[in-house]
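Just so it is clear, the values below take in all heavy atoms, side chains as well, and ignore hydrogens, waters and symmetry mates. Every chain is numbered from 1, with letters handed out A, B, ... down the list of sequences.
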Protein chains: 2
Amino acid sequence: MTATITAFESSPDRGQGLARDMRVRWALEEVGKPYEVRLLSFKAMKQPAHLALNPFGQIPTFEEDGLALFESGAIVLHIAEQHPSLLPDDAKGRMRAIMWMFSALATVEPPIVERSAAYLMEREKPWYAERLPMLDDRIRVRLTELSRHLGDSEWLDGAFSAGDLMMIHALRRLESSGLLKEFPDLEAYIARGQARPAYQRAFAAQLQVFAAATAGG
Amino acid sequence: MTATITAFESSPDRGQGLARDMRVRWALEEVGKPYEVRLLSFKAMKQPAHLALNPFGQIPTFEEDGLALFESGAIVLHIAEQHPSLLPDDAKGRMRAIMWMFSALATVEPPIVERSAAYLMEREKPWYAERLPMLDDRIRVRLTELSRHLGDSEWLDGAFSAGDLMMIHALRRLESSGLLKEFPDLEAYIARGQARPAYQRAFAAQLQVFAAATAGG
């Protein structure tokens, strides 16, 4: 049985690969697992059929052989546990790679998402100009710490892992902010991830959705 | 070898059990694993010895037998994997419980943390009165979805799991907001978690740190 994931029918990022299905696609490509995609409109995401898969009405979801999951972190972890290559074989290295997945989602990504949320919901508000630098400074703290940890290493902890996959994708959402230019080592880290053939296949697949949706218009 | 965790020497919550070491203590108590606590000042958390354990300079950390972890989600998952009772035995149920851990950290908690961050950093700003209801509404969306999922169930998915542990602790940070009063089913869910003997032992242990720190003053 082929796995099925869900993704935006019309991604708000216009094919830049910033939506969270990209993480799942990337992981599936890293392990060489074929998959099908069910595209959802924003309306369909909030209707009962999808809410039964994800009570928070978000993409991506993952379905295979009677298992239904939501949360990109959980889906990527499931894929990584079922196939070699995204988690180290030794128990301690495996747990540290999972730790970096949690770190990407719970420590690094939230202030980045907050910056996007402010742009979406508050950019016409009189306080936006004063608040944006506060948000940027919160992000800078995390980027400085992450950069210091990375040092001269290629990846976060030994070989490329699901932790790098999640971290690199979370960082990509800063591309339009200009903040990454202050951290050339993190830009290089992101670029190493993007250079992986699996990343490029995943990116092309999600871009195709956008291209197909706009071909008619 | 006994596991060692880190916690605040002086918790900003004055012993309410809202800091993230509480999650780790609770998980350790659920599985009956003894542990030692190393208390850290805010200054010590940002110094090299602790940054070597957690590059983001936060608590809690976990050390045992050559494994060092940070991120409360990763630590609780590690504890749950090493001992029975916090994850279902069947593979699919296990993965769904882990999914709820990610959901607590990546979907439910961030807007709650954001509300706390706004109180800390923006409550003197002229926009706080207008922005607070926006933050509350974002949280209400998640609480409504979570409440709808929970329905008449005792826990998120079958028996109590590490997913409930993480979710209940994340929700507790809303206690002072008044928002939980709009969701009596979620209040009852939190209360079921707090009624567990393991929760109570963990809460008493972290409260003792606060009581000891203030006994001299």
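Other residues, nucleotides and ligands contribute at most 12 non-hydrogen atoms within 6.0 Å of the CG atom of B:D89. Other residues, nucleotides and ligands contribute more than 12 heavy atoms inside 6.0 Å of the CZ atom of B:F42.
The aromatic rings of A:Y199 and A:W26 lie perpendicular to each other, with more than 60° between the two planes, well past the 30° mark.
With respect to chain B, the highest number of heavy-atom pairs below 4.5 Å among A:K125, A:M95, A:H149, A:E109 belongs to A:M95. Chosen from A:L146, A:L77, A:L69, A:I75, the residue pairing most often with chain B at heavy-atom distances under 4.5 Å is A:L69. The greatest number of non-hydrogen atom pairs below 4.5 Å with chain B, out of A:G57, A:A74, A:A117, A:A68, is found for A:A74. Taking B:R96, B:K92, B:E130, B:M101 one by one and counting their heavy-atom pairs under 4.5 Å with chain A, the maximum is reached by B:K92. Per-residue counts of heavy-atom pairs under 4.5 Å with chain B were compared for A:E81, A:E114, A:R148, A:H78; the largest is that of A:E114. By number of non-hydrogen pairs under 4.5 angstrom with chain A, the leading residue of B:I98, B:T107, B:V141 is B:T107. Considering only heavy-atom pairs separated by less than 4.5 Å from chain B, the leading option among A:G73, A:A106, A:G66, A:P126 is A:G73. Per-residue counts of heavy-atom pairs under 4.5 Å with chain B were compared for A:R131, A:E122, A:M121; the largest is that of A:R131.
When heavy atoms are compared at a cutoff of 4.5 Å, A:R94 approaches chain B solely by way of its side chain, counted from C-beta outward. Interface residue A:R138: only side-chain heavy atoms are found under 4.5 Å from chain B. Proximity to chain A (any heavy atom under 4.5 Å) is shown, for B:A91, by neither the backbone nor the side chain. A:V108 touches chain B through its side chain: at least one heavy atom from C-beta onward sits under 4.5 Å away, while N, CA, C and O do not. Proximity to chain B (any heavy atom under 4.5 Å) is restricted, for A:M134, to the side chain, taken from C-beta onward. With a 4.5 Å cut-off on non-hydrogen atoms, B:V113 does not touch chain A at all. With a threshold of 4.5 angstrom between heavy atoms, B:L51 approaches chain A through side-chain atoms but not through N, CA, C or O. Neither the backbone nor the side chain of A:A52 comes within less than 4.5 Å of any heavy atom of chain B.
Of the candidates B:L165, B:I168, B:L150, B:W155 forms a side-chain contact (heavy atoms from CB on, under 4.5 Å) with just one, namely B:I168.
Donor-acceptor pairing under 3.5 Å is lacking for the side chains of B:E30 and B:S85. A:T61 and A:N54 form no side-chain donor-acceptor contact under 3.5 Å, judged by distance and modelled atom types alone. For the 3.5 Å distance criterion, the side chains of B:T4 and B:E64 fail to qualify, holding no donor opposite an acceptor. Of the N and O atoms on the side chains of B:S72 and B:R23, at least one donor lies less than 3.5 Å from an acceptor on the other residue.
Checked for salt-bridge contact, A:E145 and A:R142 meet the test: a charged N lies under 4.0 Å from a carboxylate O.
Here the closest non-hydrogen pair linking B:Y189 and B:M167 is OH-CB, 3.8 Å.
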